[in-house]
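See structure below.
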There are 2 protein chains.
Amino acid sequence: MGANIKLKPKLIQSIDRALQILESFSNEEKELGVTEIANRLDLHKSTVHGILTTLEYRGYIKKNVKTGKYQLGLKLLELGNLVHDSMDLISLAKPYLQELVNKHQETVHLVVYDRGEVIYIDKIEGKGAIKIMSRIGKRNPVHCTGVGKCLLAFREDHEIEMILKQDLKKYTVNTITDSEKLKEQILEIRKNGYAFDMEEIELGLRCIAAPIRDHRRKVVAAISLSGPSMRMDQERMQNLVTDVKKAADMISRNLGYIDMHF
Amino acid sequence: MGANIKLKPKLIQSIDRALQILESFSNEEKELGVTEIANRLDLHKSTVHGILTTLEYRGYIKKNVKTGKYQLGLKLLELGNLVHDSMDLISLAKPYLQELVNKHQETVHLVVYDRGEVIYIDKIEGKGAIKIMSRIGKRNPVHCTGVGKCLLAFREDHEIEMILKQDLKKYTVNTITDSEKLKEQILEIRKNGYAFDMEEIELGLRCIAAPIRDHRRKVVAAISLSGPSMRMDQERMQNLVTDVKKAADMISRNLGYIDMHF
DNA sequence: AACTTTGTTTGGTATTATCAAACAAAAGGG
DNA sequence: CCCTTTTGTTTGATAATACCAAACAAAGTT
C-alpha cells in the first residue's frame, strides 16, 4: 500500500462495505450478482442486498433487468465528471498532452502524487497497436515509475527518506530495490528535471517523465510519454526528453509558474 | 421527480446519508465544511464527521489541509471513468457529435432515458459565447426537452400514457402542459424522426433532437444540437434537421442498426 | 486577548444494520 | 418436462453499531 502508513480509523461499517462493493466492479467485471459480491467480500447476501438497494435508490448502482445482475450507475458518471471539471489541471494540460501524442504517437499520462503513490488523472493513447495497461484513477508505486520518481524527487526530504526506508517491491529485474541507488537517481532527476523508467514496473515498457510546477514553484503533477521498448531505444528516449520537458514546462506556465532562469 | 413512481424502499440510513453528502458537492460548491454539511442535511456534525472519515479513507472525499474543508476525491474520478468506458455508446458517438459541433458551432448533447427522465451522458460545447447550462449526469424532464420528447415518442404506449397522465410542470410560457397537445407532437415526432424544443424548458434556448436506435431497432438514446434563439430561427433549425438526423443515423448504424428503407 | 465558530473526540443509549433462516424465482441438468 | 440447484428477495429477532449529545480542541474574528 505504498507509503500509506495511516492506521485504519474508526470507520462506519455499513458505509465502508458499500464503498467496497462499488470498488468490486472493474472493466473486466462490469456486472456482479448479489451472492458473487457476498462471497467476495465475505458478507451475507441479505446484507449485500440491502446495501445494493440503497446504492441503487441513489443511482450509484443499476440493476440490469435482463441479467438480474448489478452494474455501476450513472450517478458515478456525474460525480466523476464533477471531479474532472474541478481539476483545472486536466483541461489545462490536455492540449499539450494531445500535441505530444500527435507528434510522437505514443501514450501520454498525467499524474499526481497522493500519499506515497502515483494516481493517473488523465491519459491519451497513441495510435500504436501495443496498448499500455493503465487506467484513470489507477494507483502505482513511486519507486518504479517515471512519473513516480519525478514526483518523489521534488518532495520534502523527510518524506523521501520515509519512502526509501520502506520495502521497495520488485516488479521486474530492472526495478530499483536498493534505496541508495534510488536516492542517487532522485538527485539526478532533481538536477536534470526529467526521469526515465527503464522497464522498472513492467518488462517491455519504458517512459520519459517530467514534473509540473504551480505558481508557488511546487511540483504538483507529472507527465510521461510511454512506449514499448522496441520503439524506445536509448537514442530516441534522449531525443524525446526535450519535447516532454517542453510540454511539462508549458503546462507549468499555464499554472502560473515563472521560470527564474535568465 | 418525473415518472419515478417508485416508493422509497427500506434504505440503510448511514449509507443513504453518505451518498447524500457526496451529492451535496457541486460545481459551485466544490468545498464544504463539516458543520455546513450537517446544517444542510440536518444531521449532527459528529455524525457527518464520522461519515466523512469513512469516505475519506476510501478516497471518495479528500480533506483540503489548507482550508480544513472537504472536497470530492479521486476515487470518484476512477469510478466515473469506469462507467464512461463501459458505455460503448459514448465513445462510439463522440466523433459524430464532434463533427456536428465543428460544422455548426453549437453545443451538442448525448442523452439516455431513465425512469421517466432524461440523463445527459455526454456534451460537447460550441465555441459560442453563450454557454448552455447543462452537465453530464444531469436529469431533465421528458416533456419539455427536445431529446426528452424524442425518447418518449418511441417508448411503449402504456409508458407514454403514464407520463401524459402526470402533471406536466410548466417551466416557461412555451412548455407544453396540455397532454393532448403533447400527444399530438409525439405522433409527429414518430413520423418525422426528429423533435424541436422551442424554449420549452428555458427561455432563449432552442434545440433540434433526433433518436438513436440499436441493432434491435430500439431507441436507446438521443442527441440534440442546442443554441440561443437569436441564432436559432425557424429557417436555420429546419436546415439543421438534416445534419442532426444524419449524425443520429450514423451512430445508430455503429450500434448495428440496419435501415429497412429501400 | 476574549469571543465565536469550526473541527474533532468521547462514551452511553437506543436505534438499526446484521445475520440466519425461510421464501421465491430462475437456471441448469437429467 | 420435472426435479435439483443456484440465485435473488423478504422476514424478524438479536446484538452490534451508528447516533447523539456534550465536552474538547483548534482556528478565525472582532
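Residue numbering restarts at 1 for every chain, and letters A, B, ... go by the order of the sequence lines.
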- [ ] Start with the C-alpha distance between A:E117 and A:N140, add both sets of side-chain angles, then the distance that settles side-chain hydrogen bond (donor to acceptor under 3.5 Å, both in side chains), and finish with yes or no.
- [x] CA-CA 6 Å; A:E117 289 180 302; A:N140 263 342; over 6 Å; no

Open item on the list: Regarding B:K218 and B:E156, does a basic nitrogen lie under 4.0 Å from an acidic carboxylate oxygen?
Closed with: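 No, this pair does not count.
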
[X] [atom1] to [N] [atom2]: how many Å, rounded?
X     : N      : atom1 : atom2 : answer
B:I12 : C:dT15 : CD1   : C1'   : 14 Å
A:L43 : D:dA16 : CG    : P     : 17 Å
B:I61 : C:dG7  : CD1   : C1'   : 15 Å
B:K69 : D:dA27 : NZ    : P     : 15 Å
B:I15 : C:dT16 : CD1   : P     : 14 Å
B:L11 : D:dA18 : CG    : C1'   : 16 Å
A:I51 : D:dA18 : CD1   : P     : 11 Å
B:Q71 : C:dG7  : CD    : C1'   : 17 Å

Open item on the list: Judged by each residue's nearest nucleotide on DNA chain C, which is more toward the 5′ side, A:K45 or A:K66?
Closed with: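 In this pair, the answer is A:K45.
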
Open item on the list: Could you measure the distance from the CG atom of A:D16 to the OH atom of B:Y57? Nearest 0.5 Å is fine.
Closed with: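 Output value for this atom pair is 7.5 Å.
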
Any side-chain N or O of [X] less than 4.0 Å from the OP1 or OP2 oxygen of [N]?
X     : N      : value
A:H49 : D:dT9  : yes
A:R17 : C:dT18 : yes
A:Q13 : C:dT18 : yes
B:T47 : D:dC19 : no
B:Y70 : C:dT6  : no

Task: Any side-chain donor near an acceptor of the partner, A:E29 and A:S24, under 3.5 Å - done: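 Their side chains do not contain a donor-acceptor pair, so the 3.5 Å distance test is not met.
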
Open item on the list: Assess, by modelled atom type and distance only, whether the side chains of A:E23 and B:Y60 contain a donor and an acceptor separated by less than 3.5 Å.
Closed with: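 Yes, a side-chain donor-acceptor pair sits under 3.5 Å.
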
- [ ] Measure the shortest side-chain to side-chain distance between A:K63 and A:E31 over non-hydrogen atoms and say whether it is less than 4.5 angstrom.
- [x]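 The answer is no; the side chains never approach within 4.5 Å.
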
Task: DNA chain D contacts among residues 21-37 of chain B, heavy-atom distance under 4.0 Å - done: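 The stretch gives none, as no residue of it lies under 4.0 Å from the strand.
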
- [ ] Between A:G50 and B:T67, name the one whose nearest nucleotide on DNA chain D is closer to the 5' end.
- [x]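 Mapping each residue to its closest nucleotide by heavy atoms, the 5'-most match is A:G50.
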
Task: Six-ring centre of A:Y120, A:K123 cation under 6.0 angstrom, axis tolerance 45° - done: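 Judged by the rule (NZ or CZ under 6.0 Å from the ring centre, within 45° of its axis), A:K123 is not positioned above A:Y120.
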
Task: Sugar-phosphate only, base, or nothing, as touched by B:S14 at under 4.0 Å among non-hydrogen atoms - done: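 Counting heavy atoms under 4.0 Å across all strands, the contact made by B:S14 is with sugar-phosphate only.
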
